[in-house]
J.: 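The structure's right below; bear with me while I get my questions together.
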Amino acid sequence: IQNTEFRLPAGETQTESPYLACVNSDKSIPSQGASYQIGTMADGNLLSLAECICSRELVNEDDDFNNLTLQFAVWMVADGVSFNDMLAQSGNSGALNQFTGGETGQAASAFTDTIVVPAMDIIRSCNIAIP
């Protein structure tokens with residue numbers, strides 16, 4: 001969700017570290033230094049969200065709160081559900097529950113107020129509807 005451009009002469013290699021967001025809230029958080037390969041391009045609302053985030057330069061590598069907000073926006077759009085529905089669907093495993101500590105009720109409510117409400121604001125500002 002961050003544009004990264006570079007020129008690479010034939011036969012040379014280069015390592016880049018663009019800002020990424022996890023698309024699967026039900027999978028574990030990757031370990032530091034995990035490698036990725038370029039896969040298929042996202043489509044639909046997920047592509048629209050990525051394009052919106054890139055066009056507004058919302059990523060700030062030094063702002064963990066902002067980037068966590070972006071992560072939750074990506075999960076809600078990828079899953080096509082509200083935070084509460086996403087939390088109910090994810091069970092006791094996966095990245096979402098690693099972030100929330102598997103907490104429900106009051107702890108999840110406080111989390112919703114500080115992270116999810118701004119994430120929904122980003123989604124709405126990108127003209128994407130989430131139930």
J.: Taking side chain to side chain donor-acceptor pair (under 3.5 Å) as the test, write out the residues that go with Gln32, two or more places apart.
T.: none
J.: If you compare all heavy atoms of Val23 against all heavy atoms of Trp75, which two are closest, and at what distance to 0.1 Å?
T.: O-CD1, 3.6 Å
J.: How close do Ala21 and Val74 get, counting heavy atoms only, and between which atoms?
T.: CB-CG2, 3.9 Å
J.: Can you find a pair of side-chain heavy atoms, one from Leu49 and one from Ile53, that are under 4.5 Å apart?
T.: yes
J.: Any chance you could measure Cys52, atom SG, to Ile122, atom CD1, to the nearest 0.5 Å?
T.: 8.5 Å
J.: Report the C-alpha distance between Met76 and Ile123 in whole Å, list the side-chain angles of each, state the deciding distance to 0.1 Å, and finish with yes or no for side-chain contact (heavy atoms from CB on, under 4.5 Å).
T.: CA-CA 9 Å; Met76 286 187 281; Ile123 293 167; 3.9 Å; yes
J.: Quick check: do Ile130 and Asn45 have side-chain heavy atoms less than 4.5 Å from each other?
T.: no
J.: Please assess Ile115 against Gln71 for the test side-chain contact (heavy atoms from CB on, under 4.5 Å), listing each intermediate value before the final yes or no.
T.: CA-CA 10 Å; Ile115 298 294; Gln71 176 60 74; over 6 Å; no
J.: Not counting sequence neighbours, which residues clear side-chain contact (heavy atoms from CB on, under 4.5 Å) with Glu12? List them please.
T.: Leu8, Pro9
J.: Using the side-chain contact (heavy atoms from CB on, under 4.5 Å) definition, which of the options Ile128, Asp43, Asn127 pairs with Ser48?
T.: Ile128
J.: Mind checking the CZ-OG1 spacing from Phe6 to Thr15? Nearest 0.5 Å is all I need.
T.: 9.0 Å
